[in-house]
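Working notes, structure below.
The structure displayed is predicted, hence computed values, not measured ones.
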2 protein chains.
Amino acid sequence: MIASELQKLVLFRNMTETEILDALRVLHSMEKHIKKGSIFLHAGDTTNAMGIILEGSVTIESNDMWGNKTILSLVGAGQYFAETYALLPDEPMLVDVRANEDCRILFLYIGYLSESWSSGSWKEKILKNLLLISSHKNLHLSGRSFHTSPKSCRGRLLSYLNSISKQKHSLEFDIPFDRQQLADYLNLERTNMSKELGKMQNEGIIIFRKNHFKLIQP
Amino acid sequence: MIASELQKLVLFRNMTETEILDALRVLHSMEKHIKKGSIFLHAGDTTNAMGIILEGSVTIESNDMWGNKTILSLVGAGQYFAETYALLPDEPMLVDVRANEDCRILFLYIGYLSESWSSGSWKEKILKNLLLISSHKNLHLSGRSFHTSPKSCRGRLLSYLNSISKQKHSLEFDIPFDRQQLADYLNLERTNMSKELGKMQNEGIIIFRKNHFKLIQP
DNA sequence: ATAAAAATGTGGCTTAAACAACAGACTTTC
DNA sequence: GAAAGTCTGTTGTTTAAGCCACATTTTTAT
């Protein structure tokens, strides 16, 4: 892979060949070949590298413990993946990345970009901050995908309630939605969801009153 | 609203008060008060401004023509919205933004940040490019949310096929998924989806063979 | 305090999606 | 080109989500 090839990529837009070569060196770029079907980034791991697909394509997918698969996106040649996690290297990945065909992939350790976080003009600082914000927004959007991917009403409720519980570091918490909004967020029908909440309370899984919820451990 | 308040926000992290005041001026910042319940950014419109919520909260939602509502996210005080669309000002918004309570909101025209797109060090250039990539990724994630929000199998298929058709500017196109992958992407069960595709073909809505699809206008 | 309005919950019916089992078509491999 | 494997479509059954009508509770307004 040569610099002139890379100039076509959005990531290197407006950069000279020399600048691209500098970037590749500083960001510890590394090219890898990956076989069709293999999962090469795993949910739960963290990563410092983003990927650029030079050839082939990958799927971003979630595989839960009951064998259900959800494909969040398909990323093709000339596109990028894991940039969110590489920018937020403490966040464990929510997804697997699988080679959809034989792939040639360039990995870049973009953490090296933001070593001097507070230097530069205010425009540069605000750009860095925006990048963080955009990455977090990405995580939130992915989060909702996980809450809506279970097919059952109860599955979605549990996914959502568990995530709020983790967020608040407590089994007891308020949610920011009323019933109709919660149903709209989880893509459920309100009355059906009320029924399910009632059942779950009867079974002793949860206790709730209005917006206040408490999860019960078995 | 005063600069020292804003220093707590991620967007202005690592910036001095003077720098923040410069930013507010250059980005044409403007504070607005918005009443609970009102939709103040509409799907289909474009926007040049991102919003920072100083007080209150907003919901990001989609309201389709059959009256179905989907809430994509709830954005609270100290958080941001529409930054994706402000960074990609040609993209029409896919969502409405509604004040969930009475709100105090600061609007920033962040397009002014990237006027001199090709100046600066290579690090600065690559940061700008990354920001674009992250924003586009955001749009894709939102896109999938819309394909999975219809409750019916047919609704999801039509949402997906229509979007691909628009993307390719043609009523005839190949999709990048096999049946199992398409089902996994749309959160459907494969055999059921096959049934529905068959029905749709019988009804003359679509014609397909393998990965090749053709949409029929009535 | 009372009435009006909004939010939440319940029961019953209908419908469509999930699931299992299998058949046929198409690919790949040797 | 035969066999194995993969992908796709069909049928029938089960189950659970959607939906309607209405009851109950909670909140708001006067």
Integer-rounded Å distance: D:dT8 P and B:Ile175 CD1
9 Å
Can you measure A:Lys210 atom NZ to C:dA7 atom C1' for me and round it to whole angstrom units?
8 Å
Integer-rounded Å distance: C:dA25 P and B:Arg179 CZ
16 Å
What verdict does the side chain to side chain contact (heavy atoms under 4.5 Å, CB included) test give for A:Thr70 and B:Arg144, after you've listed the backbone C-alpha separation in whole Å, the side-chain angles of each residue and the deciding distance to 0.1 Å?
CA-CA 11 Å; A:Thr70 300; B:Arg144 179 176 178 278; 3.1 Å; yes
Difference in axis direction between the ends of the helix from C:dA1-D:dT30 to C:dC30-D:dG1, five pairs, 10°:
60°
For DNA chain C, what residues of residues 184-203 of chain A have any heavy atom nearer than 4.0 Å?
A:Arg190, A:Thr191, A:Ser194, A:Lys195
Take the angle between the ring planes of B:Phe213 and B:Phe208 and call it parallel below 30°, perpendicular above 60°, tilted in between.
parallel
Can you tell me how far the OG atom of A:Ser135 sits from the CG atom of A:Leu88, to the nearest 0.5 Å?
5.0 Å
Roughly how far apart are A:Ile34 CD1 and A:Phe40 CZ, rounded to 0.5 Å?
4.0 Å
Under 4.0 Å, heavy atom to any atom of DNA chain D: which of residues 145-155 of chain A qualify?
A:Ser152, A:Cys153
Find out whether the Lys NZ or Arg CZ of A:Lys32 is both under 6.0 angstrom from the six-membered ring centre of A:Phe107 and within 45° of the ring's axis.
yes
Can we say B:Arg156 and B:Glu196 salt-bridge, meaning some charged N sits less than 4.0 Å from an Asp/Glu carboxylate O?
no
Can you tell me the distance, in whole Å, between the CZ atom of B:Arg209 and the P atom of D:dC7?
17 Å
Before giving the answer on side chain to side chain contact (heavy atoms under 4.5 Å, CB included), spell out for B:Asp102 and B:His33 the whole-Å C-alpha distance, their side-chain angles and the decisive distance to 0.1 Å.
CA-CA 7 Å; B:Asp102 284 0; B:His33 294 240; over 6 Å; no
At what distance, to the nearest 0.5 angstrom, does CD1 of A:Ile205 lie from CD1 of A:Ile216?
10.0 Å
Whole-Å distance between D:dT25 P and A:Phe208 CZ?
15 Å
Interatomic distance, A:His212 NE2 vs D:dT26 P [rounded to whole Å]:
16 Å
Sorted by chain and residue number, the ring-ring contact (aromatic ring centres under 6.0 Å, His included) partners of A:Tyr112 (sequence neighbours excluded) come out as A:His28
Just how far, in rounded Å, is C1' of D:dA17 from CG of B:Asn68?
14 Å
Under a 4.0 Å heavy-atom cut-off, which of residues 158-165 of chain B touch DNA chain C?
none
Return the value, rounded to whole Å, for the distance between atom CD of A:Gln180 and atom C1' of C:dA5.
16 Å
Checking A:Tyr160 now: which residues fulfil ring-ring contact (aromatic ring centres under 6.0 Å, His included) with it, not counting sequence neighbours?
A:His147, A:Tyr185
Indicate yes or no for a side-chain donor-acceptor contact from A:Asp184 to the backbone of B:Ile71 under 3.5 Å, with no hydrogens or angles considered.
no
Quick one, B:Val97 with B:Val75, criterion side chain to side chain contact (heavy atoms under 4.5 Å, CB included). Give me CA distance, side-chain angles, the key distance, then yes/no.
CA-CA 10 Å; B:Val97 181; B:Val75 182; over 6 Å; no
I'd like to know whether B:Asn68 forms a side chain to side chain contact (heavy atoms under 4.5 Å, CB included) with B:Lys151, so could you lay out the CA-CA distance, the side-chain angles of the two residues, the decisive distance to 0.1 Å, and finally the verdict.
CA-CA 10 Å; B:Asn68 301 304; B:Lys151 314 220 186 214; 5.6 Å; no
